[in-house]
Amino acid sequence: MHAPARRLGICAYALFSLLLLGPLESGCKSQTTSQGSGQNQPKTAAEINAQAAPPTPAPVSSVVSARLHEIAAAGKLASMDRPDFSDYRMHFQHAYETSNFAPLWLNGNQPTPQATAIIVLLQNSLHKGLNPDDYDAGRWQARVDGLKTANDPALAEFDAAMTVGLMRYISDLHIGRVNPTHFNFGIDIETKKYDMPQFVTQDVQHAVDAQAVLDQVEPTYDGYKRTGVALQHYLELAAKGDGPPVPDVAKSLAVGDAYPGTAQLAARLQLLGDLPANATVNTDAHIYDASLSGGVKTFQERHGLTPDGKLGKDTVQQLNVPLATRVVQLNNALERWRWLPPQFPQPPVVANIPEFVVRGFDADHKVAFSSNVVVGKAMRTQTPVFAKDMKYIVFRPYWNITPSITRGEIVPHLTKDRSYLARKNMEITDSGGKVITDGAVSDAVLAQLRAGKLMVRQKPGKDNSLGLVKFIFPNENNVYLHSTPAQELFSRSRRDFSHGCVRVEKPAELAAYLLRDQPPWTLEKVQQAMQAGPDNQQVNLKTPVPVVIFYLTAVVEEDGSVHFFDDIYGHDKSLNAVLAKGPPYPG
C-alpha cells in the first residue's frame, strides 16, 4: 500500500485479537478504555476538551492563505528538516480546508497555547523513542522567536510546519513509523488509523489540554510503558558515557582466577545496575571474586546468556555493547509495540523470537504461563512474525511433513535408504490420507513422491517430531506451536534450530493454560491425553486465543528488569536502515 493510504486511512479499531502485557486504546479520536478490574479509565479527548470553545477566527490574510495553498499542492516545505511530506499531503490539505486555509496554530503573530504545548512535545520526542529531526525539534525555538517580525509567507510556513510535525508525531506514536508489512510481517495496522484531519482540527487544535489529548494516542500496555521508562534510564546512562571498556579474556574465568580488568568490570556492572553500588570488590587484587561473579550472573540473565557467573568472551562482548546501541534496541521495541492493536477479547499467547520464550497472560494482563522455546533457524528457516487466532489443540498428532521438507530431506534419505520410513515411524499417503506404504519404498512410489503427488507423515508417538501435542492457529505460513522429543535443545542459550515452527519446552502446561476454562482439562488430564490418549485427538478451544509471534530484542519484565537479546534474524538492522533514511517512511 502506498504511504498516504498507510498513514491515515479510516479510523476503526476492530483488529486481530492480540495482547502483550496490558490494554490498548479502543476507539477513534483518542477515546481509550482500560481492560481489567480496578483500573481508572483515561479521559477521552471529548472529556478533556469539554470546556474548550474555538476562538473567533481572525481575518485571513490572502498572502498567508495563498502560501498555505501552495504548500498543500507541493507536499513539500523547504524550511523543514524533512521537507517531503507527500505521505500527508492530502490530509494536510483537508485540515486546512476546514479553516478556509487560515492558520491553525497562530493567533495573529503569536503561537496558540495548543501550539506552544505541541512544540514542547516535538522537542522532547527523543524520549518517546522517536527521531527529533522528523519533527523539526531543533528549529522551533528560532521559529517562535522570529514570529514577531515574520512576514505573511513566514507565518504560513510556521503554521504548515506545525501541522506536518504534529501529524507525523501523532501517527508515529499511534501506529509506528514504518508499516510492518514492509518487512513482510503479518501484522495489520490499517484499522488502527485515525482520520487525521478530523483528529487534528477537532481534538487537538482547540484542546483545553493538548498534551493530555496527545498522550492518549500512545499504547497503554504496561510493557510499552515499562519500555519507555527503561529508555529514559538508558538515555541518561548513554549521556554519561560508556566508561572504559571491559578487557577481553583469553579463556573463561571462574571465581578465584586472576583478571587485570577487575576495576573496569566492576565499574561497568555497577553502571548497568548488575552489581550494587555498595558491593565490596577489591579491584587492587586483580582477582575475579564471588562478588564480581554474582554481578556477571545477573548481567547474563538479562542478556540471553548462560547464567553461569563465568566471565567468557561472549559475556565480555555484551558488556562492551555501547549504551547508544541499547537505546536503539529500546527505540525499536517501542516502535513494534505501536504496531499492536488497541484491545483484545482474550489474553494472548506471545512468543518472542529473539528471547526464545513464549508467555500466556491472565485476565489482569500478568504472566500466567512462561516457557522456553526453540524457533526457526536464522540462516534458512526463520520463524515468521505474525498474529492469528489459535483454534484447536491436537494431542498425539501426526506430523504432516511439508512438501519442501519432503523434497529437501525425506526424498534424499529414501533415495539412499528405502527402509528409512520404517525406521522413522513414517508412512506415505495420498491426498485423501490413504496409506500407500509404511515400509520399503518402490521406485514408482518414490517417483510419485518426488513429483509431489504423494505425501509423507510421521505417526503419532513419543518419537514424533511434533512431540505429543500441537497448537494450531491456521495461517498461510503453516507455522504452529508444538512439543518435541528433542528436549536437550532447551538447555542452550541460543535456540534457533527448527524448520520455522515454535517448539515448546512445557507443552502440557501450555495446553492446561489454554484449556483452563474447559473442564475437565486439568494438567493431569492433559498429560494423560498426551501419554495414553487416542491418536490425533483434536480439542477445539471454546474461545479462540490470540497468538502473536513477535520480535523484540529489548524486553522489560514486570519487575522492571531490562533484558536485551541478539538480533538473530537481522530485523532490527532492517528497521534501523529504513528509519535512518527519514520520512516519508515506506507504507
Side-chain angles (χ1 to χ4, degrees), residues 48-49 52-72 74-85 88-89 91-93 95-96 98-128 130-173 196-197 199-215 217 235 582-583:
I48 292 169
N49 293 331
T56 302
V60 180
S61 161
S62 60
V63 175
V64 170
S65 178
R67 182 65 183 125
L68 287 171
H69 271 288
E70 290 174 357
I71 296 169
K76 292 183 179 180
L77 182 57
S79 60
M80 296 196 306
D81 281 325
R82 314 296 198 193
D84 183 355
F85 66 93
Y88 290 92
R89 192 185 71 80
H91 309 292
F92 179 96
Q93 178 169 320
Y96 278 101
T98 65
S99 69
N100 195 27
F101 283 85
L104 302 176
W105 311 107
L106 289 171
N107 185 3
N109 62 350
Q110 291 295 314
T112 64
Q114 294 82 3
T116 300
I118 292 165
I119 287 170
V120 172
L121 294 177
L122 302 185
Q123 290 173 327
N124 291 320
S125 55
L126 177 72
H127 298 280
K128 297 293 188 181
L130 303 173
N131 185 345
D133 290 342
D134 291 353
Y135 320 102
D136 282 2
R139 294 177 180 251
W140 286 110
Q141 189 58 56
R143 285 174 176 160
V144 171
D145 292 343
L147 280 177
K148 289 183 179 180
T149 58
N151 58 22
D152 283 355
L155 292 175
E157 293 189 10
F158 175 96
D159 209 78
M162 175 66 69
T163 299
V164 173
L166 175 62
M167 286 183 171
R168 284 174 172 169
Y169 182 79
I170 292 169
S171 183
D172 293 351
L173 275 184
M196 187 63 75
F199 187 84
V200 166
T201 59
Q202 294 188 15
D203 289 354
V204 184
Q205 184 185 357
H206 305 297
V208 172
D209 187 342
Q211 178 173 338
V213 172
L214 293 173
D215 284 346
V217 308
L235 283 170

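Keep in mind it's a predicted model, so treat the numbers as computed, not measured.
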Please report the C-alpha distance between Tyr169 and Val217 in whole Å, then the side-chain angles of each, then the deciding distance to 0.1 Å, and finally whether the side chain to side chain contact (heavy atoms under 4.5 Å, CB included) criterion is met. CA-CA 10 Å; Tyr169 182 79; Val217 308; 5.8 Å; no
I'd like to know if the side chain of Gln211 reaches the main chain of Ala117, judged simply by a donor and an acceptor atom lying under 3.5 Å from each other, with no hydrogens or angles considered.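 Checked: no pair found.
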Hey, could you give me the [atom1]/[atom2] distance between [X] and [Y], rounded to the nearest 0.5 Å?
X      : Y      : atom1 : atom2 : result
Gln123 : Asp136 : CD    : CG    : 11.0 Å
Thr149 : Asn109 : OG1   : CG    : 8.5 Å
Asp209 : Leu214 : CG    : CG    : 9.0 Å
Leu68  : Leu77  : CG    : CG    : 10.0 Å
Arg168 : Leu173 : CZ    : CG    : 14.0 Å
Ile118 : Gln205 : CD1   : CD    : 9.0 Å

For residues [X] and [Y], determine if any side-chain heavy atom of one lies less than 4.5 Å from a side-chain heavy atom of the other.
X      : Y      : result
Val204 : Gln114 : no
Arg143 : Met162 : no
Asn100 : Ser65  : no
Tyr88  : Ser171 : yes

Derivation of the side chain to side chain contact (heavy atoms under 4.5 Å, CB included) call for Gln93 and His69: CA-CA 8 Å; Gln93 178 169 320; His69 271 288; over 6 Å; no
Ring-plane angle category for Trp140 and Phe158, please: parallel below 30°, perpendicular beyond 60°, tilted otherwise.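 Geometry flag for Phe158 against Trp140: perpendicular rings.
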Heavy-atom closest pair, residues [X] and [Y]:
X      : Y      : result
Ala95  : Met167 : CB-CE, 3.9 Å
Arg139 : Ser79  : NH1-O, 3.0 Å
Asp81  : Asp133 : CB-O, 3.4 Å
Pro197 : Thr201 : O-OG1, 2.7 Å
Pro111 : Leu147 : CD-CD1, 3.4 Å
Lys76  : Asp84  : CG-CA, 4.1 Å

Contacts of Ser99 that satisfy side-chain contact (heavy atoms from CB on, under 4.5 Å) - sequence neighbours left out: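 Per chain and number, Ser99 pairs via side-chain contact (heavy atoms from CB on, under 4.5 Å) with Tyr96, Ala102, Leu104.
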Assess whether a salt bridge exists between Arg67 and Asp152, defined as any Lys/Arg side-chain N lying under 4.0 Å from an Asp/Glu carboxylate O.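 Between Asp152 and Arg67 there is no salt bridge, as every charged N stays at least 4.0 Å from the carboxylate O atoms.
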Using side chain to side chain contact (heavy atoms under 4.5 Å, CB included) as the criterion, point out the one residue from Thr116, Leu155, Asp159 that pairs with Trp105.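 The residue from Thr116, Leu155, Asp159 that satisfies side chain to side chain contact (heavy atoms under 4.5 Å, CB included) with Trp105 turns out to be Asp159.
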Worked check of side chain to side chain contact (heavy atoms under 4.5 Å, CB included) between Tyr135 and Leu121: CA-CA 10 Å; Tyr135 320 102; Leu121 294 177; over 6 Å; no
